[in-house]
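Notes follow the structure.
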Amino acid sequence: MSLERELRICAPIRLRAQVVHGVGRGSKLLGFPTANLAIRWDKNIDDKDLSEEERAVLEFASNNATGIYCAFGSVENLPDGGVHKVAMSMGWNPSFQDIDAKVIEPWILHDFPEDFYGHYIRLTIVAFVRGEAKLSFEDLKVEIGADGDFVREALDTPELSVYSRDPFLLEAQRGHCCPKSCSLEPVLRRLPPLEADSVRVLLVRHGEAEANHQGLLCGGGNDSLLTDAGHEQAKDLARAVRAGLRTPLRLVGSSSLRRAVDTADAVASEFPKVQRTVCQDLKEMAYGTMEGAKISEIREFIGEVSKKWKDGQTKVAVGGGESPEGLVERTTAALESLVADRQGQTVLLACHSWVNKAMIASVLPNMGLSRLQDIPQRNCALNVLDCRIRPSDGKLEVQVLGIDLSASDSCRL
């Protein structure tokens, strides 16, 4: 029996959890030394006494497909540290009958001299490989070995190997082993050097707007202002970018909507010599007749549109306004214009939730616009894109280095 495997690259998911004792058959019976991660099944995801790290682990186990994943991982506080390839299982282990809750079991593809129970593991999960399968004992051993071979090869590809330098994982090697949050400032400092033919784009979502606070659809036709909290988020972002950047910021751009303009102005105030520009084509998706609607009252409609997008119908527009395809065409053209002739420079663009989601999803390998809803974008989140105009055809080439980084609370790289 040979299971089918397919590499489905996803937006990176970052988890930090403690290694606990499991059933113990991974190394002893199967010959594959897997770790067992603590999952707070005694809590609900919205329980306030969960830490952000515990909530992230619980959300991943609760809401994602069961099966085998590709990841990079690092064990904290080990002399034999480093970032290693990981074939990770998440699910019910259907080949056995003694599992009463889903488990997360990373197999770190590295030989450690001793056990590391009680230590914390950091994982950057980057792709899904296959679903779970109920197998005989011998078939299971064969398939686990094949999973390891597949993951090793997949993580060597250019699209995924970049995550071996993920700052989230490298933190574990620098002695910062128990942070309650991940500051944006050190993350920016540890970004890889910018290639001479590329432009580094810090793609930002605006701070909290009044419409966000009121639970209203806030698109390109709603010029909602920032709340007091939104202004504070913008100031936090500006200070973190100023402190964290290792290279000069040459351009601060924004859409023409006030919430984005004010966010960009806050950043520009920290860089007195920076060029400031406003671009109409970076406005948020137009919601047509649904502009300003109360979200709680149109959940059924939103659900229908969401399903169509997930099914690949990305030409469907909201309320007769704008579709994801129209949005990404407009904003990509604007991005190409803004980065032209800026090779070797870093720029910041203050945009909007769906603008950022669409641009990122459209360039992530094996993702595409149909999965734009999988891209998280909090208020004043920062994304890192390295953009390059290919000399061969003049097309924009984008590499995503970071998604949904926040200066105000814990970062998700």
Side-chain angles (χ1 to χ4, degrees), residues 12-45 47-62 64 66 68-93 96 98-126 144 147-148 151 155 163-183 186 409-413:
I13 301 167
R14 290 162 175 87
L15 304 178
R16 179 179 181 267
Q18 190 174 29
V19 179
V20 297
H21 287 275
V23 177
R25 59 175 152 249
S27 180
K28 295 176 183 177
L29 297 180
L30 296 171
F32 303 100
T34 58
N36 192 63
L37 300 191
I39 308 175
R40 293 298 303 274
W41 290 119
D42 60 317
K43 300 290 183 181
N44 294 317
I45 290 175
D47 281 355
K48 294 183 178 179
D49 56 347
L50 279 177
S51 71
E52 287 301 314
E53 290 172 348
E54 290 172 332
R55 182 172 289 106
V57 173
L58 186 56
E59 284 182 338
F60 174 75
S62 301
N64 286 273
T66 59
I68 306 302
Y69 289 82
C70 289
F72 285 100
S74 184
V75 184
E76 297 178 357
N77 292 327
L78 279 188
D80 186 19
V83 175
H84 306 291
K85 298 173 182 178
V86 178
M88 192 190 80
S89 169
M90 190 278 283
W92 296 98
N93 283 348
F96 301 94
D98 54 355
I99 303 296
D100 56 7
K102 284 189 280 188
V103 294
I104 299 176
E105 296 177 302
W107 172 24
I108 301 179
L109 303 174
H110 176 77
D111 292 327
F112 290 93
E114 58 185 14
D115 292 333
F116 41 84
Y117 292 113
H119 289 260
Y120 279 78
I121 287 182
R122 295 178 182 223
L123 295 167
T124 299
I125 303 162
V126 294
I144 293 176
D147 290 334
V151 167
L155 292 176
Y163 292 107
S164 66
R165 303 186 297 277
D166 189 336
F168 173 73
L169 300 176
L170 298 178
E171 279 284 346
Q173 303 169 53
R174 292 181 167 89
H176 306 297
C177 296
C178 299
K180 293 188 181 297
S181 65
C182 174
S183 172
D409 56 6
S410 59
C411 286
R412 290 178 288 183
L413 304 180

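These figures come from a predicted structure and were not determined experimentally.
Taking the side chain as every heavy atom from C-beta outward, V86 and W107 never approach each other to under 4.5 Å. Residues V126 and L155 form a side-chain contact, since some pair of their non-hydrogen atoms from C-beta on lies under 4.5 Å apart. At least one side-chain heavy atom of I104 sits under 4.5 Å from a side-chain heavy atom of I39. I125 is not listed as a side-chain neighbour of C70, based on a closest heavy-atom distance of 4.5 Å or more.
Within the 3.5 Å criterion, the main-chain N or O of Y117 finds no donor-acceptor partner in the side chain of D115. The closest donor-acceptor contact from the side chain of N64 to the backbone of A61 lies at 3.5 Å or more, if one exists at all. A donor-acceptor pair is defined here as one N or O able to donate and one able to accept, closer than 3.5 Å; no such pair exists between the side chain of R40 and the backbone of V57. In terms of modelled atom types and a separation under 3.5 Å, the side chain of W41 and the main chain of K102 share a donor-acceptor contact. Although no hydrogens or angles enter the test, the distance criterion places a donor-acceptor pair under 3.5 Å between the side chain of R55 and the main chain of I45.
A donor and an acceptor atom, one from each side chain of N93 and E105, are located under 3.5 Å apart.
Looking at residues two or more places apart in sequence or on another chain, you find a ring-ring contact (aromatic ring centres under 6.0 Å, His included) between Y69 and F60, F128.
We find the OG-CD1 distance between S89 and I144 to be 8.0 Å, quoted to the nearest 0.5 Å. Atom CZ of F32 is separated from atom CD1 of I108 by 15.5 Å, given to the nearest 0.5 angstrom. Here the CE-OG distance, from M90 to S62, works out to 8.5 Å after rounding to the nearest 0.5 Å.
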Mind running ring-ring contact (aromatic ring centres under 6.0 Å, His included) on F112 and H84 for me, showing each step along the way? CA-CA 11 Å; F112 290 93; H84 306 291; 5.6 Å; yes

Stepwise side chain to side chain contact (heavy atoms under 4.5 Å, CB included) test for L37 and L123: CA-CA 11 Å; L37 300 191; L123 295 167; 3.8 Å; yes

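Residues N36 and H21 share a closest heavy-atom pair of ND2-O, 3.9 Å.
One finds a salt bridge joining R122 and E76 here, because a Lys/Arg side-chain nitrogen approaches an Asp/Glu carboxylate oxygen to under 4.0 Å.
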